[in-house]
Amino acid sequence: MKVLFMCTANSCRSILSEAVFNHLAPEGFIAISSGSFPKGQVLPRSLSTLQAAGISTEGLYSKGNDAFEGNPPDLVITVCDKAAGEACPVYFGPATKAHWGLEDPSEIQGDEASVEAAFNATLETIKSRCRAFFALPFADLSPAELKAELDRIAVL
């Protein structure tokens, strides 16, 4: 199963999600990420947070939807934070769609400890959601049931 994590800039939340998903993924699952308006570079704090957690950053880069052209995803998960008034990107295609909103840790203002705590909290939320995702009985779920499970996971 190919999962696409989408946000606006593809420099932080979707990158963190791609890396964590692939780090935890069993065989047969892979994630990519993209942005509707890619920033063109991954935030250094995103990379250092992943590295500190022992998660590979190899191959991560800020990209647009052309990154998966010709190889569409099975599942699209947006990670923008609707509570912050962000417009989530829209994916037009047959993939199952879900929203796992994440506050943007790169928007946190404060001292080094506060910023680090925000990135680590985001990483832990993503890990929790990915673990719940991988625990799903995929062979037994209809598309509607999968969508309901994805919506349930979104609040973890």
Side-chain angles (χ1 to χ4, degrees), residues 1-51 53 55-108 118-119 121-134 136 138 141-156:
M1 176 181 287
K2 186 174 187 178
V3 177
L4 169 63
F5 288 98
M6 289 185 77
C7 68
T8 306
N10 190 225
S11 63
C12 185
R13 293 165 293 180
S14 56
I15 291 285
L16 294 172
S17 297
E18 173 186 359
V20 169
F21 186 97
N22 287 332
H23 180 73
L24 298 174
E27 189 173 327
F29 290 86
I30 188 163
I32 57 171
S33 66
S34 74
S36 51
F37 298 99
K39 192 171 197 162
Q41 65 182 33
V42 177
L43 291 176
R45 173 68 73 163
S46 297
L47 298 174
S48 63
T49 299
L50 290 166
Q51 290 165 339
I55 298 171
S56 175
T57 60
E58 186 176 338
L60 295 177
Y61 66 101
S62 179
K63 53 206 163 293
N65 294 343
D66 56 342
F68 53 87
E69 199 168 57
N71 189 10
D74 303 299
L75 176 62
V76 175
I77 300 174
T78 53
V79 294
C80 51
D81 183 15
K82 289 182 178 176
E86 293 178 284
C88 291
V90 177
Y91 175 79
F92 298 101
T96 299
K97 297 161 188 77
H99 177 71
W100 289 358
L102 295 166
E103 289 184 37
D104 189 347
S106 70
E107 296 292 320
I108 296 297
F119 271 84
T122 300
L123 200 65
E124 289 307 312
T125 297
I126 295 166
K127 285 180 185 177
S128 176
R129 290 175 181 174
C130 287
R131 286 184 184 115
F133 175 82
F134 292 127
L136 293 175
F138 292 98
L141 295 175
S142 70
E145 291 168 328
L146 175 58
K147 172 70 170 123
E149 288 296 324
L150 293 169
D151 291 344
R152 179 188 61 79
I153 290 169
V155 297
L156 296 180

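Computed from a predicted model, the values in this text were never measured in an experiment.
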Are Thr122 and Thr49 close enough, and set up right, to give a side chain to side chain contact (heavy atoms under 4.5 Å, CB included), and what steps lead you there?
CA-CA 10 Å; Thr122 300; Thr49 299; over 6 Å; no

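To the nearest 0.5 angstrom, Leu16 atom CG is 8.5 Å from Ile55 atom CD1. The structure places SG of Cys12 at 10.0 Å from CG of Leu47, a figure rounded to the nearest 0.5 Å. Between Ile15 atom CD1 and Ile32 atom CD1 the span is 11.0 Å, to the nearest 0.5 Å.
Between the Asp81 side chain and the Gly101 main chain, no donor and acceptor come within less than 3.5 Å of each other. Side-chain atoms of Ser46 come within 3.5 Å of backbone atoms of Ser11 as a donor-acceptor pair (strictly under, hydrogens ignored). Side-chain atoms of Ser14 do not come within 3.5 Å of backbone N or O of Met6 as any donor-acceptor pair. In this structure, Ser33 contributes its side chain and Asn10 its backbone to no donor-acceptor pair below 3.5 Å. Under a 3.5 Å cut-off, the side chain of Arg129 and the backbone N or O of Trp100 do form a donor-acceptor pair.
In summary, of the residues considered (Leu75, Val76, Ile77), a side-chain contact (heavy atoms from CB on, under 4.5 Å) with Pro73 occurs for Val76 alone. Across Val79, Val20, Leu102, a single residue satisfies side-chain contact (heavy atoms from CB on, under 4.5 Å) together with Thr125, and that is Leu102. Under the side-chain contact (heavy atoms from CB on, under 4.5 Å) test applied with Arg13, the options Leu43, Thr78, Asp104 reduce to a single match, Asp104.
Legend: salt bridge (charged side-chain N to carboxylate O under 4.0 Å, His left out) pairs involving residues 17-26, not counting sequence neighbours, sorted by first then second residue: Glu18-Lys63. Listed by first and then second residue, the salt bridge (charged side-chain N to carboxylate O under 4.0 Å, His left out) pairs involving residues 30-47 are Arg45-Glu112 (not counting sequence neighbours).
Nearest heavy-atom pair across Leu123 and Ala53 is CD2-CB, 3.6 Å. Among all heavy-atom pairs drawn from Pro72 and Gly70, the shortest one is CD-C, 3.7 Å. Smallest separation of non-hydrogen atoms from Thr57 and Gln51: OG1-NE2, 3.4 Å. Here the closest non-hydrogen pair linking Ala19 and Ser56 is CB-O, 4.1 Å. Of all non-hydrogen atoms in Ala31 and Asn22, the two that sit nearest each other are N-OD1, 2.7 Å. The heavy-atom pair separating Ala9 from Ser62 by the smallest distance is O-OG, 3.1 Å.
Phe21 meets the ring pair (Phe, Tyr, Trp, His ring centres under 6.0 Å) test with Phe5, Phe133, Phe134; sequence neighbours excluded. Listed by chain and number, the residues in a ring pair (Phe, Tyr, Trp, His ring centres under 6.0 Å) with Tyr61 amount to none (sequence neighbours excluded). Listed by chain and number, the residues in a side chain to side chain contact (heavy atoms under 4.5 Å, CB included) with Glu145 are Leu141, Ser142 (sequence neighbours excluded).
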Side-chain donor-acceptor contacts of residues 146-156 below 3.5 Å, not counting sequence neighbours, with atom names and distances?
unit_1	atom_1	unit_2	atom_2	d
Lys147	NZ	Lys97	O	3.2
Lys147	NZ	Asp151	OD1	2.8
Lys147	NZ	Asp151	OD2	3.4
Glu149	OE1	Arg152	NE	2.8
Glu149	OE1	Arg152	NH2	2.7

